There are 2 protein chains.
Amino acid sequence: MAAGEGDDSATTGSTLGYALLSLLTRGPATGYQLTQQVKAPLGHFWTARHSQIYPELARLSAAGWVDSVEQAGPGPRAKKTYAVTPSGLAALRAWLVIPPTAQPRSEITLKAYAATSADPAAMAALYTDLAERSTRLLAEFAQDAERMRAAGQDDPGHPRFGNYAVLMMGIESQRAVHRWACWLAACLRTGRPAAYGEPAGD
Amino acid sequence: MAAGEGDDSATTGSTLGYALLSLLTRGPATGYQLTQQVKAPLGHFWTARHSQIYPELARLSAAGWVDSVEQAGPGPRAKKTYAVTPSGLAALRAWLVIPPTAQPRSEITLKAYAATSADPAAMAALYTDLAERSTRLLAEFAQDAERMRAAGQDDPGHPRFGNYAVLMMGIESQRAVHRWACWLAACLRTGRPAAYGEPAGD
DNA sequence: AGTTGACATGTCAGAATTTACATAGTGAGG
DNA sequence: CCTCACTATGTAAATTCTGACATGTCAACT
C-alpha cells in the first residue's frame, strides 16, 4: 500500500517458482521453452507440466519476480517472454542458501521394500530392466559431460556450471542405481544373498 | 451388482495405499504404528503424515484390501488394528511388477542447478554440510546393515529382506551424495574445476 | 488436400500432500 | 500439582501436482 519501496514480505514462493527463476537466470524464455527445459537435465531431478508452469509464471509476475513482454505469435494468444527481475534474483539467492529438508521419494525403492511379496522372477526382471536403463543413461550422460567439459562448463565460473553439476549428480545416482539393481536382481534370481560390486560387465 | 464374488475393478489404489499394504505385510499394525514405520528405513525414500495415512486406511478398508479390529484404547477413540486381506495382497502383488515411471525429485540438486547465482561461500557450506550429513548417515546405515546380516535378513527368503534392500539403496545413494557434495563444495570453494573421487577422508 | 508434429497458451476437475486444528488418557520428571 | 512427551485418531483448509479439455498457426510429409 505504501509507496512502492519494494515488494512486501508475504511473497514466499513455491519450489516450482524458484525452479523457474533458476531456469530464467540462463536468459529470458517463454512458458513453452521452460516446459521443454525442465526435461533435461533438470528433469532427472525435478519435473513440471505446462499446466503447472503457466499459472506459476503468472504468480511470479504478480510478485514482481519476473517481467514479461508480449509478441504477436502464431497461436490464438500472444507469446510472452519472461525475464527475471532484480527482486526475483534476490529472492532466488535467498532461497538457494536455505538447507533443503524435503526427502526424495523413489517408487522403485518402495517396491523393493515389498519385493518378497511378489513373484521373484518378475521382480528380478524389473530390476534387470532398471539396470539396463541405467547403463543406457550412463552412456548418454558420459557423452554430455564430455561435451560440457570441452566447452569449459565444468568451471564454477561458467554461467551454465549448474547444468554440469546436475549432470554429475545424474551420473552418480545412476551409478548407485546400477550397482543396487544388479545386486538386487541377482538376489532375487538366485534366491540367495548376493555379493556386492559389479557382477559382470552387464 | 452381482453377488459378492470379490471386489469391483474400479479399485486402482494410490502409491501411498500400496506403501501401507507393504508395511502391513510385516504384520498387523495401527495407523499410529504405520506413521512411525514410514520414518525408517522407508522414510528415506517415501514419507507420509498421519493426516494422510488415516484417510488412506479408510479407503483401503472400503476397497476390502485391509481388515480392522477395534480395541478400547486410552484416547477418545477406539484403537484400530489393520491387517492385509487376501485381495489386498493380490492387489499389492499386481502393482509390484509394474515398472514405475515417476522420476525422483531432489531439491538439493535443483539448488545446485542455480549454484552460480548465489554466494559461492554460502553454497559451498551448504554442500559441505550435506557431505557431513551423508557421512553420519552412512555410518549409521553400515551398523544397521551389519545387524541385519547377522540376523540373516540379507537372504531373499527372509520375510524382512525388503528392509535390507531399502537400506542398501540408502547406502548407495548416500555414497553418491557424499562424492557429489564433496566435489561440488570443492568446486565452489576454490572457484576452479575440481577433480572427482574421495578428496580426503572427511 | 489431409494428416501429423511442433509451436504456443491457457483453464478446470480431481488427486495427492502439507499444515494446522481438535480431543483425550497415561506416565515421568520437576 | 503441573507440565511435557508419548500414545492414539481423526477433520479441515490450503497448496501442489496431474490429466484432460480447449484453441489456433505453421511447416513438412503423404
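Note on naming: letters A, B, ... go to the chains in the order of the sequence lines (proteins, then strands), and numbering restarts at 1 for each one. Fair warning: this is a prediction, and the values are worked out from it, not measured in the lab.
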Flag this pair as yes if the NZ/CZ of A:R175 is under 6.0 angstrom from the six-membered ring centre of A:F141 and inside a 45 degree cone about the axis; otherwise no.
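Output no; distance or angle outside limits.
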Could you tell me if A:R189 sits above the aromatic ring of A:Y127, with its cationic atom closer than 6.0 Å to the ring centre and no more than 45 degrees from the axis?
no
Side chain of [X]: nearest nucleotide among [options]?
| X | options | value |
| --- | --- | --- |
| B:S51 | D:dT18, C:dT17, D:dT11 | D:dT11 |
| A:R49 | D:dT11, D:dC17, D:dG19 | D:dG19 |
| A:W46 | C:dG10, D:dG10, D:dC17 | D:dC17 |
| A:Y82 | C:dG10, D:dG10, C:dA16 | C:dG10 |
| A:Q52 | D:dA8, D:dT16, C:dT17 | D:dT16 |
| A:Y32 | D:dT9, D:dC17, C:dT9 | C:dT9 |
| A:L16 | D:dC17, C:dT18, C:dT11 | D:dC17 |
| A:R77 | D:dT23, C:dA16, C:dT19 | D:dT23 |

What residues form a side chain to side chain contact (heavy atoms under 4.5 Å, CB included) with B:Q52, not counting sequence neighbours?
B:L16, B:A48
Hey, can you tell me if B:F161 and B:Y164 have their rings parallel, tilted or perpendicular (30° and 60° cut-offs)?
tilted
For the residue pair B:W65 and B:Y82, is the inter-centroid distance of their aromatic rings smaller than 6.0 Å?
no
Nucleotide [N], atom [atom2] - distance to [atom1] of [X] in whole Å:
| X | N | atom1 | atom2 | value |
| --- | --- | --- | --- | --- |
| B:E107 | C:dT18 | CD | C1' | 14 Å |
| B:Q71 | C:dG25 | CD | C1' | 16 Å |
| B:E56 | C:dA16 | CD | P | 7 Å |
| A:L57 | C:dG10 | CG | P | 8 Å |
| B:K39 | D:dT7 | NZ | C1' | 12 Å |
| A:R105 | D:dC17 | CZ | P | 11 Å |
| A:K79 | D:dT25 | NZ | C1' | 13 Å |
| B:Q36 | D:dC6 | CD | C1' | 9 Å |

Touch check for [X], heavy atoms < 4.0 angstrom, all strands: base, sugar-phosphate only, or nothing?
| X | result |
| --- | --- |
| A:R59 | nothing |
| B:T30 | sugar-phosphate |
| A:S14 | sugar-phosphate |

Between the side chains of B:T35 and B:H50, is a donor N or O closer than 3.5 angstrom to an acceptor N or O?
no
Cut-off 3.5 Å, side chains only: do A:Y196 and B:E172 have a donor facing an acceptor?
yes
Once pairs are restricted to Watson-Crick or G-U wobble with both distances under 3.5 Å, how does DNA chain C read as a dot-bracket string, [ ] for crossings and | for other-strand pairs?
||||||||||||||||||||||||||||||
Checking side chain to side chain contact (heavy atoms under 4.5 Å, CB included) against A:Y113, which of B:L23, B:L167, B:T25 comes through?
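Single pass found, and it is B:L23.
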Think B:Y54 has a side-chain N or O under 4.0 angstrom from the OP1 or OP2 of D:dG10?
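It does not, given that no N or O in the side chain of B:Y54 lies less than 4.0 Å from OP1 or OP2 of D:dG10.
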